[in-house]
Each structure stands twice: as C-alpha cells, then as structure tokens.
Amino acid sequence: AKASLTRDICFYDVEMDEAARDRTKMAKELWTAIEENQFRLHYQVQKSVSTGEITGYEVLLRWHHPERGNVSPADFITVAEECGAILPIGEWVLRQACIEAASWPNNYKVAVNLSPVQIAHADMPALVHSVLFETGLSPRRLELEITESSIISDKQRALNALRSIKALGVSIAIDDFGTGYSSLETLRSFPFDKIKLDRSFLIEVENSDEAKAMVRAILALGQGLRIPVLAEGVETTDQLDILRDEGCHEVQGYLFGKPMPMGDQLEIEVEAA
Ligand code: C2E
Ligand code: CA
Ligand code: CA
Ligand code: CA
C-alpha cells in the first residue's frame, strides 16, 4: 500500500508540473497573440422579449492558436488574468469592438465583458473615454459587463471607476447574476443599468416549480429596483414562454443565435428582413 501511495503522489506531482508548465507556456503565447493577430471577436444577439427586436450584441473573444486551434475563453481568460495579459487583451477587445460597432449599418448596442483585473489595475474610465473618442462610437451604444468579483476586492475603487464610466454615458450590466455570494448587497450599492440572469437559473425551469420560483424572484427584484433583466442561455421556446410570462425584458441564447462573426450576423439580419 505504501509503495502505491508513493507512486500516486509522484504521479500527481508530475501532473501538477505539467499543468503548471502548460499554463506558463499558454501565458507566454497570450502575450504574443495580439501581435500575431490570433484574436477575433464573435457577437451574440440580444433581443427584446416584448417586440422580438434586436437590442444589441455581446462581444465574445475567440482565440485561434496556430497549433492548439480554437481555445475556449473559459480556458484562457483565467490564465490571462493570472499573468496580467488580460490588460492588453482586454484593451484590444474594447477598442476592436468599438471600431467594429462604429461601422455597423445600425445603432445596436455592443456589450463588452470586463475582467475584474481590468477594474482593479487599469484606469478604465480614462481608457473607455479615449477609445470612444478615437472610434467615434456613441457612449450610449457601449455597455460594459462586469461580474460581482470586480466589486468585491476593492469596493470603493470599483464604485468610483464604474461611476466615472457611467458619467461618460456608457451603461453597466451585472453579469452572471445570482452566482456570486453577495448579489443583493451589490445590487443595492450600485446602480446597474441591466441585470444578466445567469443561465444556470434556466436549467430545469420548464419542469421545476422551484427553478421557476427563483427566476420569478429575481425578475421581481429587478422590477422593484427598476433595473431591466436579461436572461442568458435561453435555448428553448418553453424557457422563452416562461420568461415572457414572468416579465423578463431581454433574452440571449442559442435559441436566437450562437456567437459568430459580425459579417454572418448581418447576413442573417438581411435574410430576416
Ligand atoms: P459570459 O460572459 O457569461 O458569456 C456567455 C457564455 O455563454 C459564452 O461562452 C456564450 O457562448 C455562452 N452561451 C450563450 N448562449 C448560450 C446558450 O444558449 N447555451 C449555452 N450552453 N451557452 C451559451 P464563451 O463565449 O465560451 O465565453 C465564456 C466566458 O468567457 C464568458 O462568459 C466570459 O466570462 C468570458 N469571456 C469571453 N469573452 C471575454 C472577453 O472579451 N473578456 C473577458 N474578460 N471575458 C470574456
Ligand atoms: Ca458576459
Ligand atoms: Ca454571463
Ligand atoms: Ca459566465
């Protein structure tokens, strides 16, 4: 038993080393990915529940690595945050999204994800201001999505940054709402323009009264605070029907479209028109 325990420990260590080496390698590659033009922006449509009209698009970053192929943001954003590469990458995403949105043939909103690391370590109000100025995008068309973890680390600093950004006319959405541990307190202390209901709340919502009660409660909260709620990850018409019945304002999910390049989105819009 002792021998096998030792072997397990050694094996575990080797795996740990490999994982750590892998992350270090990926971190290095992330620093060069911008120069090598390996990032692309995909967009996922957001729609009004009552009218069915498009209200905006969320920007989702895609990394095409020469050897690894497409790497999921779920796998590389954390590494980018740990090594600091998220700062230049996040700046690139913001600038590129504003450049692209300024050239769209319509005035839809563009929603950009911000990492907590950006809120904590970059002068975001100054960056947002200069990117809007450079690209000529109306601040009304820009929405920034932040998670609660952005606010938790240094609350006062985060609130000041977000207030300055809002003062520019840019709106702020709280992302993945309901998954953090202090959601209600966060909502009370900061005037968000939108609540993005995490898609985990939609799982089983068609079959479970408990799941439906949770969705109803969050929609009521949004209503009470006068903050519109967007439901993420809508995949079925049953889910959409429930959200409509319960007074949800906006929806986003595979039912309406997967994230894709803007060119493909525009083709779909032309076909639908
Ligand atoms: P998120 O901000 O919550 O984005 C929504 C994720 O859900 C996206 O995954 C999207 O493709 C996926 N999704 C949308 N509709 C559906 C659906 O109906 N069903 C299912 N199962 N999934 C759906 P993606 O693109 O892989 O991004 C994962 C996460 O990576 C994002 O979660 C966000 O936290 C992060 N991320 C992506 N792009 C950026 C970025 O530019 N900056 C930062 N800081 N984070 C980003
Ligand atoms: Ca998001
Ligand atoms: Ca989300
Ligand atoms: Ca998420």
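When a ligand or atom number is given, it counts from 1 through the structure's own listing order.
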Trainee: Would you confirm whether Lys166, through its side chain, and Pro191, through its main-chain N or O, come within 3.5 Å as a donor-acceptor pair?
Mentor: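 Looks like yes, one N/O pair under 3.5 Å.
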Trainee: Sort out for me which residue in Leu221, Asp198, Thr186 forms a side-chain contact (heavy atoms from CB on, under 4.5 Å) with Phe177.
Mentor: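 Of all the options given, the one that passes is Leu221.
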Trainee: Tell me yes or no: between the side chains of Asp238 and Thr236, is some donor less than 3.5 Å from an acceptor?
Mentor: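 Side-chain D/A pair, Asp238 to Thr236: absent.
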Trainee: Which of the atoms of ligand 1 are close to Gly233, meaning less than 4.0 Å from one of its heavy atoms?
Mentor: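 Per the distance check, 16 (C), 17 (C), 18 (O).
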Trainee: Looking at Asp175, which atoms of ligand 1 are within less than 4.0 Å of one of its heavy atoms?
Mentor: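 Atoms satisfying the 4.0 Å criterion: 2 (O).
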Trainee: Go through ligand 1 atom by atom and flag the ones less than 4.0 Å from a non-hydrogen atom of Gln44.
Mentor: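 Near Gln44, meaning under 4.0 Å from one of its heavy atoms, ligand 1 has 14 (C), 15 (N).
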Trainee: Answer side chain, backbone, both or neither: which part of Arg62 comes under 4.0 Å from ligand 1, heavy atoms only.
Mentor: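 Side chain only; the backbone of Arg62 stays clear of ligand 1.
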Trainee: Are more than 12 heavy atoms, taken from residues, nucleotides or ligands other than Arg68, located less than 6.0 Å from that residue's CZ atom?
Mentor: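 Yes, the 6.0 Å shell around CZ holds more than 12 heavy atoms from other groups.
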Trainee: Could you list which atoms of ligand 1 come closer than 4.0 Å to a heavy atom of Val93?
Mentor: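 Matching atoms, with element in brackets: 41 (O).
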Trainee: Heavy-atom contact check, 4.0 Å cutoff: does Pro259 meet ligand 1?
Mentor: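 Within the 4.0 Å threshold, so yes.
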Trainee: For atom CE of Met214, decide whether the heavy atoms of other residues, nucleotides or ligands shown that lie under 6.0 angstrom number more than 12.
Mentor: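 Not buried by this count: 12 neighbours or fewer within 6.0 Å.
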Trainee: Side chains of Asp193 and Ile227: closer than 4.5 Å at any heavy-atom pair?
Mentor: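 Side chain of Asp193 against side chain of Ile227, heavy atoms only: no contact under 4.5 Å found.
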Trainee: Measure from atom 13 (N) of ligand 1 to every heavy atom in Tyr254, Phe39, Trp92 and give the option owning the shortest one.
Mentor: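 Looking at heavy atoms only, Tyr254 sits closest to atom 13 (N) of ligand 1.
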Trainee: I'd like to check which ligand 1 atoms, numbered from 1 as shown, lie under 4.0 Å from a non-hydrogen atom of Arg199.
Mentor: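 In order of number, 20 (C), 21 (N), 22 (N).
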Trainee: Where do Val110 and Ala97 come nearest, in terms of heavy atoms and distance?
Mentor: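 Between these two residues, the closest heavy atoms are CG2-CB, 4.3 Å.
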Trainee: By the definition side chain to side chain donor-acceptor pair (under 3.5 Å), identify the one residue from Lys196, Gln44, Gln46 that meets it with Glu58.
Mentor: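 For Glu58, the side chain to side chain donor-acceptor pair (under 3.5 Å) test succeeds with only one of Lys196, Gln44, Gln46, which is Lys196.
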Trainee: How far does CD1 of Ile77 sit from CD1 of Ile86, to the nearest 0.5 angstrom?
Mentor: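 Nearest 0.5 Å value for the CD1-CD1 distance: 4.0 Å.
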Trainee: Could you name the option among Thr147, Asn113, Ile146, Leu114 that has the heavy atom nearest to atom 43 (C) of ligand 1?
Mentor: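 That would be Asn113.
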Trainee: Need the atom name: nearest N/O/S atom of Asp176 to the Ca ion (ligand 3).
Mentor: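 Going by distance to the Ca ion (ligand 3), the closest N, O or S atom in Asp176 is OD1.
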Trainee: Looking at ligand 1, does any of its N/O atoms fall within less than 3.5 Å of an N/O of Leu61?
Mentor: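 Between Leu61 and ligand 1, an N or O pair is found under 3.5 Å apart.
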Trainee: If you look at Glu145, which of its N/O/S atoms is nearest to the Ca ion (ligand 2)?
Mentor: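 Nearest to the Ca ion (ligand 2) within Glu145's N, O and S set: OE1.
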Trainee: Give the atom numbers and elements of ligand 1 that come within less than 4.0 Å of a heavy atom of Glu232.
Mentor: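 So the answer, numbered in order with elements, is 3 (O).
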Trainee: Using a plain distance cutoff, I'd like to know if Glu81 has any nitrogen or oxygen under 3.5 Å from a nitrogen or oxygen of ligand 1.
Mentor: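 In this structure, Glu81 places no N or O atom under 3.5 Å from an N or O of ligand 1.
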Trainee: Among the N/O/S atoms of Asp175, which is closest to the Ca ion (ligand 2)? Give the atom name.
Mentor: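 It is OD2, the N, O or S atom of Asp175 closest to the Ca ion (ligand 2).
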Trainee: Out of Leu60, Leu41, Val234, whose heavy atom is nearest to atom 8 (C) of ligand 1?
Mentor: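 Among Leu60, Leu41, Val234, the closest heavy atom to atom 8 (C) of ligand 1 comes from Leu60.
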Trainee: How long is the gap from OG1 on Thr135 to CZ on Arg141, to the nearest 0.5 Å?
Mentor: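 That separation rounds to 9.5 Å.
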Trainee: Can you tell me if Glu232 has an N, O or S atom under 3.0 Å away from the Ca ion (ligand 2)?
Mentor: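 Coordinating: no.
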Trainee: Is the number of heavy atoms from other residues, nucleotides or ligands under 6.0 Å of Lys258 NZ greater than 12?
Mentor: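 It does not: Lys258 NZ has 12 such atoms or fewer within range.
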Trainee: Looking only at N/O atoms, are Asp176 and ligand 1 under 3.5 Å apart anywhere?
Mentor: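 Yes; the residue has a nitrogen or oxygen that sits under 3.5 Å from a nitrogen or oxygen of the ligand.
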Trainee: Using a 4.0 Å cut-off to any heavy atom of Gly253, which atoms of ligand 1 qualify?
Mentor: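 Per the distance check, 15 (N), 18 (O).
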Trainee: Tell me, yes or no, whether the heavy-atom count around His129 atom NE2, taken from other residues, nucleotides or ligands under 6.0 Å, exceeds 12.
Mentor: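 No.
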Trainee: If I compare all heavy atoms of Ala122 with all of Arg157, which pair ends up nearest, and what's the gap?
Mentor: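 Heavy-atom minimum between the residues: O-NH2, 3.9 Å.
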Trainee: Short list, please: which atoms of ligand 1 are under 4.0 Å from a heavy atom of Glu58?
Mentor: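 In order of number, 2 (O), 4 (O).
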Trainee: Of all the N, O or S atoms in Glu58, which has the shortest distance to the Ca ion (ligand 2)?
Mentor: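 Atom name of the closest N, O or S in Glu58: OE2.
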